[in-house]
There are 2 protein chains.
Amino acid sequence: MSKYHPLSEAEAIEIASSIQEVFPTGEPLVSREIGDGNLNLVFHIMQPATGRSVIVKQALPYAKVVGESWPLSLDRARIEAEALLKQGELAPGLVPAVYKTDAELALTVMEDLSDHVIMRRGLIEGGTYPAFAEHLSDFLANTLFFTSDLGMNQQDKKKTLAGFINPDLCKITEDLIFDDPYRDADTNSIEDHIRDAAEAIWRDETLHLEVALLREKFLTHAQALLHGDLHTGSIFVTPESTKVIDPEFAYFGPMGFDIGAPIANLLLHFASQEHWSADEAARRDRRAYLLETIRELWTGFDRKFRKLWDEKGVDRVARAKGYQDDYMRRLLQDTVGFAGAKALRRVYGLAHVADIDTITDAAARERAQRLALAIARNLILRHRQAESIEDVIRIAEAAANGQ
Amino acid sequence: MSKYHPLSEAEAIEIASSIQEVFPTGEPLVSREIGDGNLNLVFHIMQPATGRSVIVKQALPYAKVVGESWPLSLDRARIEAEALLKQGELAPGLVPAVYKTDAELALTVMEDLSDHVIMRRGLIEGGTYPAFAEHLSDFLANTLFFTSDLGMNQQDKKKTLAGFINPDLCKITEDLIFDDPYRDADTNSIEDHIRDAAEAIWRDETLHLEVALLREKFLTHAQALLHGDLHTGSIFVTPESTKVIDPEFAYFGPMGFDIGAPIANLLLHFASQEHWSADEAARRDRRAYLLETIRELWTGFDRKFRKLWDEKGVDRVARAKGYQDDYMRRLLQDTVGFAGAKALRRVYGLAHVADIDTITDAAARERAQRLALAIARNLILRHRQAESIEDVIRIAEAAANGQ
């Protein structure tokens, strides 16, 4: 790793200028660093003469969180680049194009998606994304099926898995999602007005058992190559386009973790609708849209995944009668449980979501937080009994109606 | 791998002579090749002047089975050596001492266990091994606990796992245990008199679903570092000593696969007791001994594993109330299912067991085969409902009583 050093803007420009397919002419480039500086440098490199642009993303050897630096392997940049390439191959058009990677410099040069908006921000601004469920269910069905033992040569899968061992980033998930929110951990960030709710969760032994089971799956169930961090902040959208970014948490884990992530974040946004002070009809409409998106996401995934299984399955044994139905039911149950775990920690764990945190009225914010916790807790508690995505929708509706 | 070539006896002697801890003096050594030549060369190297000896085991780059050669990675020798070292560290005295390894030559120089007998042969000759259940439950509890997320740093586990990716040998298991016996495969070796029983299994859709679930666990459940082939032919015994050998199938998989293997082989031996033509009391006594050994093996494992969990557990979340009981129940269920799958394929799959095949009376052999199939099938079918090791014992007793 001797070649590694954080890039200057001039160096980022020099690297970008070598991308002939974007910058075939020699006009000058300009750079703007747009990362948050916590984990990565992100340079937006543009050619003013043509309007063409690329992103140069470089990993930093630490993470700045909780006010201090954690060392973090640069190998995650290699993992991110390889995951992006694999996803681009399996789900064409649904991830940014990759122009260049450099494992030693821990960087990737990729398509600039400035014409898209980060989905979380788009939702907060009231956007609707009619193509999203169709696109994301495509992404999930294709990336998960073709990296699982159902859709991939099973010996090749084992060798591929060895290239996606990702201890540092898995550790972040293991701690921040499956451990810290369930105890009085320093990493938690709890608003005073919901401290009682956090304390109730720390005492909730029934909940802790379900979380231990989910954590065990995250630790041991090498089902498929996951994105690993598929919340609405990792998805760029327009009404017509969806692009999944930032797979630096990629590893072979339980599929439900990836499917549950967008559902969790749609439910957090559902909870955040408490911000409407007067217009009850608008809130109802918005919530109906969000629940319908969740329904379409799962049912689209379920339909597409089964079709791939029937048409592209590599495994004779997987055609055993009843196996596919059993598998899909377990997958739904995992999805429900992981959605709950991913939602819960966003209320008072280390990393919150802007959907809720940007509600300026404290009483409305507290209602949103309590609603999010109620939904998350019920998803976790009931995940092993889930039989249909309607169970998720009923849990959300019941909690919103104060039941 | 340019250095690799199959060793001559002279070369094996030269390598052995460098083991100072066994051969400190200079007297000459003699070699005898004792392998079956199918997978490995095995040289027994002795110093006649002192009576001291070692084993030099070298992997061959192919497997001779079904009359032809399969290419087989030499990397399995590195995996075997690393697994032996790891097991020796976690379960001292229960594996042969390793004196030298050479990954390029795919060889290991290890303790000679000629004063022991292979347990399968010992059982066939009527031996009893009163220390076996105690020793093997020690081996299982320690090797499985300390390579799982319960007993090992979870990030170190991920890195260790990358060194035990074992596609070639896993493929053998995936095909010969979880696929071929359930269809009319060329690899099966079926005596005419039980062809009807094999055909019934090929039509048994309920059984196929359970096998698909077990195979999925074998493919995806990276729970702990397994031996991977822990039948009674991989265990050297005396009445006072137990040594587990040949972990070339080692990989991170479901613990129940390792615990189920010796149980399957004890049950195959149980079935083989049909060879007694007259002495019904002797048969009953022998069977009672075998079932008691199975009971002690599981209960010893269960007790020791829980004790390690309570005293040496590394994971806060794993102390959630009810989690350990839930985990151990699932572990028993896996054990029962894998025991069934490991037993079934030994009746008419590619590799049989001498316990049954050496019964010269065809009618008695057929009774043993049908009994083994009945036990195996019931273990597979009922594994997800198992609550106690007594369920296994009841299945064996009922089948032996023709129920």
Side-chain angles (χ1 to χ4, degrees), chain A residues 73 148-150 153-171 174-175 178-180 182-183 185 205-224 251-255 315-327 330, chain B residues 73 148-150 153-171 174-175 178-180 182-183 185 205-224 251-255 315-327 330:
Chain A
S73 162
S148 78
D149 290 298
L150 299 166
N153 174 285
Q154 299 167 343
Q155 276 46 59
D156 291 343
K157 178 194 168 217
K158 294 169 177 63
K159 292 174 203 159
T160 305
L161 184 151
F164 287 98
I165 302 287
N166 200 350
D168 283 13
L169 278 83
C170 285
K171 171 78 173 154
E174 289 157 24
D175 289 353
F178 296 111
D179 187 348
D180 296 353
Y182 302 94
R183 63 190 181 95
E205 292 183 335
T206 312
L207 190 69
H208 297 179
L209 171 59
E210 300 300 321
V211 172
L213 292 168
L214 289 166
R215 187 163 183 268
E216 179 187 326
K217 284 216 166 116
F218 186 84
L219 288 166
T220 62
H221 198 44
Q223 204 172 22
Y251 86 113
F252 274 77
M255 297 180 188
D315 190 359
R316 189 198 76 83
V317 178
R319 292 195 292 272
K321 190 174 167 185
Y323 180 57
Q324 187 183 92
D325 286 343
D326 186 274
Y327 192 102
R330 287 183 286 125
Chain B
S73 161
S148 78
D149 290 298
L150 299 166
N153 175 284
Q154 299 167 343
Q155 276 45 59
D156 290 343
K157 178 194 168 217
K158 293 169 178 64
K159 293 174 201 158
T160 306
L161 184 151
F164 287 97
I165 301 287
N166 201 350
D168 283 12
L169 279 81
C170 284
K171 172 77 173 158
E174 289 157 23
D175 289 352
F178 296 111
D179 187 349
D180 296 353
Y182 303 95
R183 63 189 182 97
E205 292 183 335
T206 313
L207 190 69
H208 297 179
L209 172 59
E210 300 301 321
V211 172
L213 292 168
L214 289 165
R215 186 162 183 267
E216 180 188 326
K217 283 214 168 119
F218 185 85
L219 287 166
T220 62
H221 199 43
Q223 203 171 23
Y251 87 112
F252 275 77
M255 297 181 187
D315 189 0
R316 188 197 76 83
V317 178
R319 292 194 291 274
K321 189 172 168 187
Y323 180 56
Q324 187 184 90
D325 286 342
D326 186 274
Y327 192 101
R330 287 182 285 125

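Since the model is a prediction, treat every value here as computed from it, not as a measurement. Below, chains carry the letters A, B, ... as their sequence lines are ordered, and counting in each starts from 1.
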Q: Kindly write out the residues that satisfy ring pair (Phe, Tyr, Trp, His ring centres under 6.0 Å) with A:Phe164, not counting sequence neighbours, or none if the list is empty.
A: none
Q: Relative to chain A, which segment of B:Asp326 carries a heavy atom at a distance below 4.5 Å: side chain, backbone, both, or neither?
A: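 Side chain only.
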Q: Using non-hydrogen atoms and a 4.5 Å limit, figure out which bit of B:Glu210 sits close to chain A: side chain, backbone, both or neither.
A: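 Neither the backbone nor the side chain of B:Glu210 comes within 4.5 Å of chain A.
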Q: Chain A: which of B:Cys170, B:Ala222, B:Pro254 shares the most heavy-atom pairs with it under 4.5 Å?
A: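 The candidate making the most pairs under 4.5 Å is B:Ala222.
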Q: Out of B:Arg215, B:Arg319, B:Arg330, B:Lys321, return the one with the most heavy atom pairs under 4.5 angstrom to chain A.
A: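 Looking at each of B:Arg215, B:Arg319, B:Arg330, B:Lys321 in turn, B:Arg215 comes out on top.
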Q: At a heavy-atom separation under 4.5 Å, does A:Phe252 approach chain B through its side chain, its backbone, both, or neither?
A: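 A:Phe252 has no heavy atom closer than 4.5 Å to chain B.
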Q: Under a 4.5 Å heavy-atom cutoff, which of B:Glu174, B:Lys158, B:Glu205, B:Lys217 has the most pairs with chain A?
A: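 Highest number of pairs under 4.5 Å: B:Lys158.
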Q: Going by side chain to side chain contact (heavy atoms under 4.5 Å, CB included), name the residues that satisfy it together with B:Asp168, two or more places apart in sequence or in a different chain.
A: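 Applying side chain to side chain contact (heavy atoms under 4.5 Å, CB included) to B:Asp168 gives B:Leu72, B:Ser73.
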Q: Can you tell which part of A:Leu161 gets under 4.5 Å to a heavy atom of chain B, answering side chain, backbone, both or neither?
A: side chain
Q: Identify which part of B:Leu209 has an atom lying under 4.5 Å from any heavy atom of chain A, answering side chain, backbone, both or neither.
A: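 Its backbone and side chain both get close to chain A.
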Q: Answer with side chain, backbone, both or neither: which region of A:Asp149 has an atom nearer than 4.5 Å to a non-hydrogen atom of chain B?
A: side chain
Q: Which distance, rounded to the nearest 0.5 Å, do you find between the CD of B:Gln155 and the OG1 of B:Thr160?
A: 11.0 Å
Q: Which heavy atom of A:Val211 sits nearest to which heavy atom of A:Phe178, and what is that distance?
A: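 Heavy atoms of A:Val211 and A:Phe178 come nearest at CG1-O, 3.7 Å.
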Q: Using a cut-off of under 4.5 Å for heavy-atom pairs, which of B:His208, B:Arg183, B:Gln223, B:Lys159 has the most such pairs with chain A?
A: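 Option with the greatest count: B:Arg183.
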Q: Measure the CG-OH distance between B:Leu169 and B:Tyr251 for me, rounded to the nearest 0.5 Å.
A: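 Answer for the CG-OH pair, B:Leu169 versus B:Tyr251, is 11.5 Å.
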Q: Which region of A:Ala212, side chain (C-beta onward) or backbone (N, CA, C, O), has a non-hydrogen atom less than 4.5 Å from a non-hydrogen atom of chain B, or is it both or neither?
A: both
Q: Given that the side chain runs from C-beta out, which part of A:Asp315 has a heavy atom under 4.5 Å from chain B: side chain, backbone, both or neither?
A: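 A:Asp315 touches chain B through side-chain heavy atoms alone.
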Q: Heavy-atom distance under 4.5 Å to chain B: side chain of A:Leu219, backbone, both or neither?
A: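 Both backbone and side chain.
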Q: If I measure from the heavy atoms of chain B, does A:Lys157 come under 4.5 Å with its side chain, its backbone, both, or neither?
A: side chain
Q: Which atoms of B:Tyr327 are under 4.5 Å from chain A, going by heavy atoms: the side chain, the backbone, both sets, or neither?
A: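 Contact with chain A involves the side chain of B:Tyr327 alone.
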